[in-house]
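A quick write-up on the structure given underneath.
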Amino acid sequence: MIPYGRQNVNAADIDAVLQVLQSDWLTTGPGVERFEQQLAQTAAVSQAVAVSSGTAALHCAMASIEVQPGDEVIVPAMTFVATANTVVMQGGRPVFADVLPGSLLLDPQSVNALIGPRTKAVVGVDYAGLACDYRALREACRDRWLVADASHSLGGHQDGRPVGCLADLTTFSFHPVKPITCGEGGALVTDRPELAEAARRFRNHGLSADAASRDRQQTWVYEMQSLGFNYRLTDIQCALGLSQLARLDAFINRRREIAARYRQAFSDCSAIQPLAGDSHGHAYHLFVIQVSGERETWFKKFRRRGIGVNVHYLPVHLHAYYRQHYQTGVGMCPVAEAAYERMLSLPIYPAMTDAQVDEVIETALSVAEELGG
Ligand SMILES: *Cc1c(COP(=O)(O)O)cnc(C)c1O
């Protein structure tokens, strides 16, 4: 089976991890800071906070802007559940906005219609790897916090600016299918030192100082000022992340090559429509197509022929939890709902060979023909 996504780990990555295992610090050591510095540089911001997952990064983001009971946070319906769940974890209420039909990115007009006195923040999701129009979102969200869930888009650009500096706060995920991996991991980046400081406390039980800084200052003193979690990322994981980060541009370039081959191959096939957004800044975490006819039939035919297609995502407001607890349901975000019915994610990852890409293309075109496209 050709999977829809997969990590790319080489000998240098393995060496980096082995070195840490033989060093003094397995966690909260110098490797974390090295990774954070490199991430901040990649994102063109001053602050990076490495945490244990992309979900933890979003939770830290919601905590650092002080989302609390009574607050609403606008999130797009077309995203992974964690974008909304982390609002709930802080006691806030996620408000689901619709997306643009071509790109499935958060629609600024939908934000405009939903924003109100309780709105604390707006979260843009760089779905599939394409950055949202943060200028339009900034205008739509007025003086509220603008957060970017960039789990898909590390390494992407917009108007020459890297993903990571386009919103007040940006979060990344380092799960194996994401642009780079730490096994599990995530990070929050920002140009605001006070938000980064709040996130650093939140990842370490709400304590005022971590073990390394107590060590440096020759003191045992620490104080818990607010409630936090253990969301720390180990030096072992950071070493892998740092080594991966060195190849980020090569990874993204390969993803773009594969996307270009897909676009070229499907340009004459009316039954297969790739999402809009053939932009140079695209990070292509996913290659999403919209198919004609029964998506389920397409899905089964691909899977039977060894092509690991997937569906990203069931709109979050249609999950049982949100229907039950937030009275959401069909009809709230019609663009996201209609897109969901027709979508498939084709395999795309840096180590994918041209032969594998051709296999996906041939299968897709032959399924299209069988189904009368
Ligand atoms: C992967 C992902 C997350 C969560 O990241 P984890 O590292 O798996 O916790 C959040 N939002 C989006 C859009 C994602 O794709």
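Whatever order the structure lists ligands and atoms in, that order sets their numbers, starting from 1.
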Interfacing atoms of ligand 1 (cut-off 4.0 Å, heavy-atom, D149): 10 (C), 11 (N), 12 (C), 13 (C)
Proximal atoms of ligand 1 relative to G185 (non-hydrogen, under 4.0 Å): 7 (O)
For T79, the ligand 1 atoms whose distance to one of its heavy atoms is below 4.0 Å: 13 (C)
Minimum non-hydrogen distance to atom 3 (C) of ligand 1, winning option of S151, C182, G186, G54: S151
Heavy-atom donor-acceptor pair, R295 side chain to M343 backbone, under 3.5 Å: yes
Geometric N/O contact H175 with ligand 1, under 3.5 angstrom: no
Sidechain-backbone polar pair: Q158 side chain, L166 backbone, donor-acceptor under 3.5 Å: no
Check: N310/S345 side-chain N/O donor and acceptor closer than 3.5 Å: no
Protein contact to atom 9 (O) of ligand 1 [nearest heavy atom, distance to 0.1 Å]: T55 OG1, 2.5 Å
N/O donor-acceptor pair under 3.5 Å between R256 side chain and H282 backbone: yes
Ring geometry between Y231 and H59 (parallel below 30°, tilted from 30 to 60°, perpendicular above 60°): perpendicular
Close approach, K178 and ligand 1, non-hydrogen under 4.0 angstrom: yes
Pi-cation contact, F287 with R255 (under 6.0 Å, within 45°): no
Distance from atom 15 (O) of ligand 1 to nearest protein heavy atom, with residue and atom: H152 NE2, 2.7 Å
Contacting atoms of ligand 1, where contact means under 4.0 angstrom from a heavy atom of Y313: 15 (O)
Qualifying residue for salt bridge (Lys or Arg N to Asp or Glu O under 4.0 Å) with E370, from K301, R304, K300: K301
Among V51, L245, L154, the one residue meeting side chain to side chain contact (heavy atoms under 4.5 Å, CB included) with F174: L154
Min heavy-atom dist F172 to ligand 1 below 4.0 Å: no
Min heavy-atom dist A57 to ligand 1 below 4.0 Å: no
Nearest neighbour in protein (non-hydrogen) for atom 8 (O) of ligand 1: S173 OG, 4.1 Å
